[in-house]
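Atoms within a ligand are numbered from 1 in the order they appear, just like the ligands themselves.
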Amino acid sequence: MNETSTPRTDLRTWLITGATSGIGHELTLQALENGDNVAALARDTSPLDETARAHGGRLLLVRTDVRDERTVQGAVDAALARFGRIDVVANNAGYGLFGAVEEASDAQARAVFDTNVFGVLNVLRATLPVLRAQRSGHVLQGSSVYGQSAHPGVGLLAATKHAVEGLSDALAAEVAPLGIKVTLVQPGLTATPFLANLDVAAGLDDYDPTVREVQKGIGELPATAFSAAARIAAGIRAAVDSPNPPLRLALGASAATDMRSALTERLADLDGRQGVTDAMDE
Ligand SMILES: NC(=O)c1ccc[n+]([C@@H]2O[C@H](COP(=O)([O-])OP(=O)(O)OC[C@H]3O[C@@H](n4cnc5c(N)ncnc54)[C@H](OP(=O)(O)O)[C@@H]3O)[C@@H](O)[C@H]2O)c1
């Protein structure tokens with residue numbers, strides 16, 4: 001058998017949310033480039049029309065709002081009908097809310113949880129039955145540097161990503177015996193339309209020296225402070241290719257630095273008050 005006729009065993013079927021923009025778009029393009037199948041989910045799939053024409057049946061476009069469980073289930077059904085299986089679920093769709101915790105309205109807070117947390121749960125409930133039946137699959141959970149750290153202005157965004165991290169710790173242990181892997185994807189600042197798509201809460205002068213200063217600082221960052229989305233997508237694909245993928249995948253030096261500092265502070269709090277902690281049990 002010559003090289004061109006050797007069947008490839010590394011080809012996969014991906015289901016990717018938020019597939020028309022930023023990291024999800026890069027992941028879609030790179031998976032297709034590798035020869036994989038992709039079910040690309042987005043509220044408006046038209047930006048991928050041209051790509052779909054170029055890749056024939058290997059790219060399935062499904063209009064999906066991750067907040068709507070019925071459209072998510074419809075997308076999973078369509079992916080199964082086209083490809084017969086799902087190997088990688090990229091729970092990537094999400095957006096940011098910037099402002100002081102007190103400034104975010106109830107509607108803004110619920111809306112960001114609706115997409116970033118309940119959208120993730122909708123995708124999990126629709127795809128895990130497929131992965132369990134296969135006894136294989138890899139779930140990529142869209143977290144962030146803010147899944148392990150936070151600073152002024154990102155409290156609500158960090159709350160959604162911390163929620164995804166907490167549920168994913170349990171999920172990973174629950175599905176590992178069923179042959180399913182889970183990886184929390186934790187990018188740092190990445191050059192995508194994410195900042196342009198931010199919902200912004202404001203209004204209280206008292207937060208100008210903290211929240212607005214941080215906002216100004218982010219606005220003044222040089223382009224070099226942001227990782228390229230293509231590199232983030234390549235890092236994610238490397239984890240999927242790995243026989244032993246990590247539960248947490250920090251992508252970008254800034255993500256690693258900020259998370260290390262937050263985790264070190266947490267350990268210092270735990271260790272620094274050990275006397276008080278232990279006194280509860282004497
Ligand atoms: N960029 C960063 O600096 C950064 C850093 C850490 C983590 N992340 C995370 O990476 C993921 C991808 O973000 P990105 O940077 O690639 O930003 P992006 O370019 O704004 O892409 C976000 C995608 O999510 C989709 N989306 C939002 N709400 C949706 C909904 N209700 N239903 C379906 N799709 C929805 C958007 O689709 P529409 O076009 O329909 O809105 C868009 O395609 C997010 O989870 C984000 O939190 C980003």
Q: Please check if the number of heavy atoms outside R248 that lie under 6.0 Å from its CZ is greater than 12.
A: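 Yes.
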Q: Classify the side-chain pair N244/S242 by whether it contains a donor and acceptor separated by less than 3.5 Å.
A: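 The criterion, which ignores hydrogens and geometry beyond distance, is not satisfied for S242 and N244.
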Q: Quiz question: by atom type and distance under 3.5 Å, do the side chains of Q186 and S143 form a donor-acceptor pair?
A: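 No, no side-chain donor-acceptor contact under 3.5 Å.
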Q: If you define the side chain from C-beta out and look only at heavy atoms, does anything of Q30 sit under 4.5 Å from I236?
A: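 No - every pair of side-chain heavy atoms lies 4.5 Å or more apart.
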Q: Would you mind reporting whether R266 and Q148 have side-chain heavy atoms less than 4.5 Å apart?
A: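 They are in side-chain contact.
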Q: Kindly indicate whether the side chain of W14, heavy atoms from C-beta on, has any atom under 4.5 Å from the side chain of N34.
A: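 Contact flag for W14/N34 side chains = no.
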Q: Write down, by chain and number, every protein residue that brings a non-hydrogen atom to less than 4.0 Å from an atom of ligand 1.
A: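 Within the 4.0 Å shell of ligand 1, which is judged on heavy atoms, sit G18, T20, S21, G22, I23, R43, T64, D65, V66, R67, N92, A93, G94, T115, S143, S144, K161, P187, G188, L189, T190, T192, P193, F194, N197.
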